[in-house]
Visitor: 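If you scroll down you'll find the structure; I have some questions about it.
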Amino acid sequence: MPEFRLYNSMTRTVEPFTPADGETVRMYACGPTVYNPAHLGNFRTFLFTDLLRRALSLAGYTVKQVMNLTDVDDKIIKRATDQKKMVRDVTEPVIDMFFADRDYLRIQPAEHYPRATDFIVEMVDLVRRLEKAGVAYQADDKTVYFAIDKFAGYGRLSRLDTRELKAGARVAQDDYAKENAQDFALWKAATPEDEACGAAWDSPWGRGRPGWHLECSAMAMSLLGETIDIHTGGVDLQFPHHEDEIAQSEAATGKPFARFWCHGEFLLTDGTKMAKRVGNVSTVEDLRAQRVSAAAVRHLMFSTHYRKQLNLSGAALEASIEAVRRVGDFAERLASATGGTAALAEAAEAFRVEFDAALRDDLNAPRAQAALFIFINHANAELDTRGSDMGSLAAAREAFARAVGVLDIVPEQQGVDASLEVWVEQQLAARKVARGRRDFAAADQIRKSLDEKGIVVEDTPQGARWKKVR
RNA sequence: GGCGCCGUAGCCAAGUGGUAAGGCAGGAGACUGCAAAUCUCUCAUUCGUCGGUUCGAUUCCGACCGGCGCCUCCA
């Protein structure tokens, strides 16, 4: 099996990757906090994870992926309190939306979507272990904190010098109860608001709720084991979230928490990070409204390497829409082709090799997509020669299919209802008659009226073909 | 202040110590009644700037300029 290379944020180098057991990749992906629909920036990361799991599958591995749904946290509680709702009533609709958006973008479902609120027992247990290990303490505010001083190697992932939180940095509000400003909450003492919206549970330290980082450690270890193969997330999670996950997990188990840390870069709009607070977010819903296909979005997201920032712009989106149109046309052409040539088979083989190499090379999707377009160009040229070799055609179809199985950038057919279809066929029949008597003015008039309904006609040696494009 | 990333054609974007993939847009041609689709050719002597190392640098080193991010909730 050829080497699969992946960038590991922990070592800051591209390393050969292979799952610990040689077969199944145990992967944990930080998921959404479900208080608001996820925006495209969030989805860039999820799409990166989707690409990773598909590339790993193509490489021959079984993937067992867990993505958490953070369904208790400050923002959710605030929303529930403001709307006088229970936490669950806030999160349920958002979770439904998240899955709908995920499906729209054709992101393959993970094997598990654990919710923090379903793992309270495991989390409490983890805190207990940490307390036993002497790295957790309950402060005067009744909250249980993790003492980062007791964990050697804290800051290894983010390389932040814990002693130097200096000028320029936005400084956290003083939290008097903590022994060290950077200690983080494992178990937060419940407030009346928490109780009111159902965000409080019993624990050995009194009523309370889990700290932000705790759920990931508890759920990852419960579902995937104490040492997982890959942990993914956005770059912004590197610190403090992932740093704290490492501290919690490793202080409890004494084992490495994740073998590989993989972080996806940001999606920018207008040159700055897409974020709610900046007010420059767009959502999957916006895309739907603009009738932008999932294929185009995927193409766009994969056109830049995942470790590089990507600026979302209308022009870039337009380019992807057009690029993906070409892929879709080719898909149809390949499906309806009646034969190939030796050169087609050669192009397919070259494509297969380059495509795989690109993905194995730290998920170089731009390079993989380039390979696809080179193949499409060669294949189109060969198909033009109208060869009749079925073996080479099959090879081309196979190579194309496996690439599409990873990229998934063939646009869906535009739906056409039956009545429209009947009308189109009638128009086309009339046009054929007009062309037959060389009445091109009439024929063009018909084509124009079809175009107004978003129907594009293409004349081929086998007669007219049509498709709905908008 | 600390840590880090980025700067390649009109736009998007790979890439390598040995002379610039791919996509979009553009130009010319083939095909077509005309189109569309497709094909062919074309489109950066040059990779932010200035130095250095080297036989040779876009690729390595340094400085500078410009942009972005993390250090706080955050994909």
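Just so it is clear: chains get the letters A, B, ... in the order the sequence lines come, proteins before strands, and each one is counted from 1. Just the heavy atoms: all of them, side chains too, but no hydrogens, waters or symmetry mates, feed the values below.
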Visitor: Below 30° counts as parallel, above 60° as perpendicular, anything between as tilted: where do the rings of Y113(A) and F99(A) land?
Guide: perpendicular
Visitor: How does each nucleotide of nucleotides 32-40 of chain B score, in 5' to 3' order, for protein heavy atoms under 4.0 Å: base (B), sugar-phosphate only (S), or none (-)?
Guide: -BBBBSSSS
Visitor: Measure from the side chain of A323(A), starting at C-beta and using heavy atoms only, and say which of rC3(B), rA75(B), rG23(B) lies closest.
Guide: rG23(B)
Visitor: Using the C1' atoms only, state how far rC39(B) lies from rU53(B), rounded to an integer number of Å.
Guide: 47 Å
Visitor: Using atom P in both nucleotides, what's the gap between rU32(B) and rU19(B) to the nearest angstrom?
Guide: 41 Å
Visitor: Just by distance, with hydrogens left out, do T70(A) and E215(A) show a side-chain donor and acceptor under 3.5 Å apart?
Guide: yes
Visitor: Is the shortest side-chain N/O distance from T272(A) to OP1 or OP2 of rC68(B) below 4.0 Å?
Guide: no
Visitor: If only side-chain N and O atoms of K273(A) are considered, is one of them under 4.0 Å from the OP1 or OP2 phosphate oxygen of rC70(B)?
Guide: yes
Visitor: Can you measure E354(A) atom CD to rG15(B) atom C1' for me and round it to whole angstrom units?
Guide: 11 Å
Visitor: Output the rounded distance in Å from NE2 (H305(A)) to P (rG7(B)).
Guide: 13 Å
Visitor: Which residues satisfy the side-chain contact (heavy atoms from CB on, under 4.5 Å) test with N180(A), sequence neighbours excluded?
Guide: I148(A), D149(A), Q182(A), D183(A)
Visitor: Which is true for A275(A) with a 4.0 Å heavy-atom rule: it touches a base, it touches only sugar-phosphate, or it touches nothing?
Guide: nothing
Visitor: Could you tell me which nucleotide pairs with rA28(B) by Watson-Crick or G-U wobble geometry, both distances under 3.5 Å, or answer none if nothing does?
Guide: rU40(B)
Visitor: In the structure shown, which nucleotide is the Watson-Crick or G-U wobble counterpart of rG1(B), with both distances under 3.5 Å?
Guide: rC71(B)
Visitor: Which one, rA21(B), rG4(B), rA13(B), comes nearest to the side chain of T304(A)?
Guide: rA13(B)
Visitor: For the side chain of F266(A), starting at C-beta, report the closest nucleotide among rC24(B), rA75(B), rC68(B).
Guide: rA75(B)
Visitor: Could you list the residues that satisfy side-chain hydrogen bond (donor to acceptor under 3.5 Å, both in side chains) with N311(A), not counting sequence neighbours?
Guide: none
Visitor: Looking just at side-chain N and O atoms, do T81(A) and E193(A) make a donor-acceptor pair shorter than 3.5 Å?
Guide: no
Visitor: Check every strand shown and say whether H39(A) touches a base, only sugar-phosphate, or nothing at a heavy-atom separation below 4.0 Å.
Guide: base
Visitor: Looking at D459(A) and R435(A), is there a salt bridge between them, counting it only when a charged N and a carboxylate O are closer than 4.0 Å?
Guide: yes
Visitor: Taking ring-ring contact (aromatic ring centres under 6.0 Å, His included) as the test, write out the residues that go with F400(A), two or more places apart.
Guide: F330(A)
Visitor: The side chain of F239(A) lies closest to which of these nucleotides: rC71(B), rC12(B), rC73(B)?
Guide: rC71(B)
Visitor: With rounding to whole Å, what would you report as the distance between rA75(B) and rC50(B) at their P atoms?
Guide: 42 Å
Visitor: Expressed as a whole number of angstroms, how long is the span from K308(A):NZ to rG67(B):C1'?
Guide: 12 Å
Visitor: Could you give the CG-to-C1' distance, from D50(A) to rA75(B), as a whole number of Å?
Guide: 15 Å
Visitor: At under 4.0 Å between heavy atoms, what does L267(A) touch on the DNA or RNA strands: base, sugar-phosphate, or nothing?
Guide: base
Visitor: When the distance from CG of D236(A) to P of rG69(B) is rounded to whole Å, what number comes out?
Guide: 12 Å
Visitor: Taking OP1 and OP2 of rC11(B), is either one under 4.0 Å from a side-chain nitrogen or oxygen of N311(A)?
Guide: no
Visitor: Out of rG15(B), rG22(B), rC70(B), which nucleotide sits closest to the side chain of N364(A)?
Guide: rG15(B)
Visitor: Could I get the full list of side-chain hydrogen bond (donor to acceptor under 3.5 Å, both in side chains) partners for T269(A), not counting sequence neighbours?
Guide: N280(A)
Visitor: What nucleic acid atoms does K276(A) come within less than 4.0 Å of, heavy atoms only: base, sugar-phosphate, or nothing?
Guide: nothing
Visitor: Atom CZ of F302(A) to atom C1' of rC24(B): distance rounded to whole Å?
Guide: 19 Å
Visitor: Does D73(A) reach a base, just sugar-phosphate, or nothing at all? Heavy atoms under 4.0 Å.
Guide: nothing
Visitor: Under 4.0 Å, counting only non-hydrogen atoms across every strand here, what does E318(A) touch: a base, just sugar-phosphate, or nothing?
Guide: nothing
Visitor: R12(A) CZ to rG4(B) P: how many Å, rounded?
Guide: 6 Å
Visitor: With C1' as the reference atom in both, quote the distance from rG23(B) to rA9(B) in angstrom, rounded to an integer.
Guide: 13 Å
Visitor: Pairs under 3.5 angstrom only: tabulate donor-acceptor contacts from the side chains of residues 373-384 of chain A to other protein residues two or more places apart or in another chain.
Guide:
{"residue": "E382(A)", "atom": "OE1", "partner": "T341(A)", "partner atom": "OG1", "Å": "2.6"}
{"residue": "D384(A)", "atom": "OD1", "partner": "R333(A)", "partner atom": "NH1", "Å": "3.4"}
{"residue": "D384(A)", "atom": "OD1", "partner": "R333(A)", "partner atom": "NH2", "Å": "2.5"}

Visitor: Write down the distance separating the P atoms in rA30(B) and rG15(B), rounded off to the nearest Å.
Guide: 39 Å
Visitor: Considering every strand shown, what is the Watson-Crick or G-U wobble mate of rC50(B) when both distances are under 3.5 Å?
Guide: rG62(B)
Visitor: Write down the distance between CG (L317(A)) and C1' (rA13(B)), rounded to a whole number of angstrom.
Guide: 16 Å
Visitor: Reckon F373(A) touches a base, only the sugar-phosphate, or nothing at all at heavy-atom distances under 4.0 Å?
Guide: sugar-phosphate
Visitor: Suppose you measure atom C1' in rC68(B) against the same atom in rG48(B); what distance do you get, rounded to whole Å?
Guide: 15 Å
Visitor: Would a line drawn from the ring center of Y104(A) to the ring center of F43(A) be shorter than 6.0 Å?
Guide: no
Visitor: Just call it for G264(A): base, sugar-phosphate, or nothing, with non-hydrogen atoms closer than 4.0 Å on any strand.
Guide: nothing
Visitor: Quote, to the nearest angstrom, the P distance that separates rC43(B) from rA28(B).
Guide: 15 Å
Visitor: According to the Watson-Crick and G-U wobble definitions, with both distances under 3.5 Å, which nucleotide is paired to rU16(B)?
Guide: none
Visitor: Say you pick atom P in rC71(B) and the same atom in rG51(B); how far apart are they, in whole Å?
Guide: 38 Å
